[in-house]
Amino acid sequence: MFPKLSLRKAGCLGAAALLAAACGTAVAGTPTFPAYSDVAPNEKARAIEAPYYGDALFHFFQDRFFTSITTMMASQHFDRVAQHADEAEILRGGMLLSYGLHKEAGEIFAKLIEKGAAPPVRDRAWFYLAKIRYQRGFIAEASDAMSRIEKNLPPALEEDRLLLQANLLMASGDYAGAAALLESVAKDSPIGQYARYNLGVALIKSGDAARGTEMLDAIGLAPAETEEMRSLRDKANVALGFTALQNDRAEDARRTLERVRLTGVHANKALLGFGWAAASLKEPQLALVPWNELATRDPSDAAVLEARIAVPYAYAELGSFGEAAEQYNAALAAYDLETGNIDESIVAIRAGKLLDGLLERNPGEEMGWFWNIRELPEMPHASHLNQVLAGHEFQEAFKNYRDLRFLSQNLKDWEDKLGVFGDMLDNRRRAYAERLPQVRAKVSAVDLDAVGKRRDAVAGEIERAEREQDAAAFANIKDRELIDLLASVQDGIKSLGTDADAERTRQRARLAAGALTWRLAQEYPARVWEAQKDLKIIDSELAQARLHDAAVAQAQRDEPARQEAFAKRIAELAQRIKALIPRVAALSKDQQQEVQELAVAELSRQKDRMVAYSQQARFAVAQMYDRATVPPRKEDDAAK
């Protein structure tokens, strides 16, 4: 079967593919992985219309995945990403899937399908739903989801769809159908090569050894440009070699095992198999060459441990019983030493040194899908950890432990933040209590009703003046001073006589009054317009003042309730966090125990192998001593 990607990785890769398709660019910050890391150049870029969605994407591409999903869920709660509603849901589903929340992710995709999303979104949802069902072992349901995918997947996901379809066919036993489907996958694609490798192994196990061998042999002979492909080629050759050994085809086994590199990760197993192939061909001297090389390598490898007793076996086959006995005794001493070393490693693991050291030497900002172990911790015998850390089960269990540790720290941070929020609320309450009297004093200092009455009086005067065409009603201060001055002059003139000087003074006063009246009449329309404009401004400002007055009154009623609601919310969250902290701590402790027991179980298996090898060595030594001490039988002499 094609090796199942962990749901963390599958979810992230799917989400990354979606984002790449949406943005129209290569996915940055994600591991190179075919069908996910690149987007076809013909995919159209789409602008980010909602800033809050862009904020979530920013955190996503910065590898702050926990911040990304929490930010986006908060934005969804406040309806801030409506322009990208379906895309946001698929991204959220992918991230939930990556954290192992299969049910929640499945519900999201199912809702998108039910509500009749756009065809590209619907096809993605069916694809991810099929992936979830396959990962959970629901083969028939996954096949049904796959059959509903139309032709709207982006090229970045199309190859992955073919591989998932091939996996489903193999899970159903249709190896021929899977082989035919994989023919359309590029043979130089790493995923395609992995799929062919697993298909070849599956064909051999199902009884079709000829086709399986042919497929593996093609991989074993294929040129490989990358280390990943060279390692897969070595793995295929090792699988072919050991299959040939099991079928008593030692020559074929030797021929395929010769292709394996001496420095690759599969070199030890290839050296061991090559030696056994030579031994099967009755060439123990030739078998000693790879076995002696293998026996000098890291004893934490099971192949090296087996080589320790294979070397004396070859010497015994050559008749060098003294050398064989010496080598067996050296192997026993090495096994005893390695057993003691494993016991020390087990003690260190149970003391917490393994997990503490891994976290210390491999820090990470947040919970992350692609967080990997880069540095080994300081342990009594760090080489024992190679087999432990290589296990998928240990890797997933350790990631869960790390995520729990992150959640624990996150909860403690929020507990501290809630304390700060409580202090902020207390400060706000004090500020409110201090400022309320000042605001009330300012509001009461202005009688808006009196201002309104004055406004109405002014409006009435303007209407009267317009109705009576009273230009003097719109006179400004200077004009009124002139009017008053003229009135005073005219009153003074009345007391003058009838001589010529008095008449000239009266004439000048009439002319001045006429000029003023004429000017006021000329400026009357403009002054009416200005008065009406000023009245509108007064109306607007008076309305604003009334709104402000109403807002102050409303705030006096609402603010205490808001403060109480905040206090209640803070108290509820504090209580919830207080309950979650010990729960997460207990889960962390249980997960730590589980991870440590997984590591101990692997080391115990190594220890059991050494016990079995020790027993074989002791039995072989006993057999050689029996040969040396028991006289040969007459039948044996006659045979000689």
Side-chain angles (χ1 to χ4, degrees), residues 1-4 166-167 169-180 182-183 185 187 190-224 228-284 286-287 289-291 293-294 301-307 309-310 313-314 387 390-392 605 609 612-613:
M1 299 292 292
F2 184 71
K4 297 181 181 179
N167 284 341
L169 291 172
M170 285 189 278
S172 303
D174 186 2
Y175 300 109
L182 288 173
E183 288 300 321
V185 179
K187 293 186 177 181
I191 291 185
Q193 289 289 71
Y194 275 114
R196 288 180 176 83
Y197 170 82
N198 289 329
L199 180 58
V201 173
L203 287 170
I204 291 173
K205 290 182 177 180
S206 67
D208 193 352
R211 290 191 64 201
T213 300
E214 180 183 356
M215 191 165 289
L216 291 178
D217 196 49
I219 298 173
L221 291 170
E228 182 182 6
M229 288 296 96
R230 286 190 287 270
S231 180
L232 180 63
R233 183 178 61 190
D234 289 345
K235 189 175 183 180
N237 286 319
V238 168
L240 281 173
F242 276 85
T243 300
L245 279 176
Q246 292 170 0
N247 294 326
D248 296 326
R249 293 185 287 107
E251 190 59 47
D252 291 341
R254 187 161 63 177
R255 176 177 53 80
T256 55
L257 291 172
E258 281 179 335
R259 304 172 186 166
V260 180
R261 297 170 299 158
L262 289 175
T263 57
V265 294
H266 304 286
N268 289 357
K269 196 169 183 180
L271 289 170
L272 181 66
F274 188 88
W276 285 119
S280 298
L281 293 170
K282 305 302 180 183
E283 298 177 358
L286 183 60
V289 176
W291 283 346
E293 164 63 22
L294 185 57
D301 193 318
V304 176
L305 295 174
E306 187 173 339
I309 58 172
Y313 165 79
Q387 294 297 323
H392 173 77
R605 283 191 287 271
R609 283 195 293 269
Y613 292 146

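Nothing fancy with the numbering, it's 1 onward along the sequence.
Taking every heavy atom of both residues into account, Leu216 and Ala239 meet most closely at CD1-CB, 4.3 Å. Considering all non-hydrogen atoms of both residues, Ala250 and Ser280 come closest at CB-CB, 3.8 Å. Considering all non-hydrogen atoms of both residues, Ala222 and Gln193 come closest at CB-NE2, 4.3 Å. Annotation for Leu294 and Val304: closest pair O-CG1, 3.5 Å, computed over non-hydrogen atoms. The two residues Leu169 and Ala178 come nearest to each other via the heavy atoms CD1-N, 3.7 Å. Residues Trp291 and Ala279 share a closest heavy-atom pair of CH2-CB, 4.1 Å.
Here CG of Leu199 is found 4.5 Å from CE of Met215. Values are rounded to the nearest 0.5 Å. Note: Asn237 CG to Lys269 NZ = 13.0 Å, rounded to the nearest 0.5 Å. Arg249 CZ to Glu251 CD: the interatomic distance, rounded to the nearest 0.5 Å, is 11.5 Å. Note that CG of Leu240 is 11.0 Å distant from CG of Leu245, once rounded to the nearest 0.5 Å. For the atom pair CD (Gln246) and CD1 (Ile204), the distance works out to 9.5 Å, reported to the nearest 0.5 Å. Interatomic distance, Leu232 CG to Arg196 CZ, rounded to the nearest 0.5 Å: 11.0 Å.
Remark: the backbone N or O of Ala253 is paired with a side-chain donor or acceptor of Thr256 at under 3.5 angstrom. Put simply, the side chain of Asp301 gets close to the backbone of Ala303: a donor and an acceptor are under 3.5 Å apart.
A side chain to side chain contact (heavy atoms under 4.5 Å, CB included) with Asp234 is found for one member of Arg259, Met229, His266 and no other, namely His266.
With salt bridges taken as basic N to acidic carboxylate O contacts below 4.0 Å, none links Arg211 and Glu214.
Contacts of Asp208 classified as salt bridge (Lys or Arg N to Asp or Glu O under 4.0 Å), with partners at least two apart in sequence or in another chain: none.
Note on ring orientation: taking the six-membered ring where Trp is involved, the planes of Trp276 and Tyr313 are tilted (angle from 30° to 60°).
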In sequence, state the C-alpha distance, the side-chain angles, and the governing distance for Leu286 and Arg254, and then conclude on side chain to side chain contact (heavy atoms under 4.5 Å, CB included).
CA-CA 11 Å; Leu286 183 60; Arg254 187 161 63 177; 2.9 Å; yes
Take Lys235 and Tyr194, measure what side chain to side chain contact (heavy atoms under 4.5 Å, CB included) needs, and give me the verdict at the end.
CA-CA 10 Å; Lys235 189 175 183 180; Tyr194 275 114; 5.9 Å; no
Is there a side chain to side chain contact (heavy atoms under 4.5 Å, CB included) between Asp252 and Thr243? Walk through the geometry before answering.
CA-CA 10 Å; Asp252 291 341; Thr243 300; over 6 Å; no
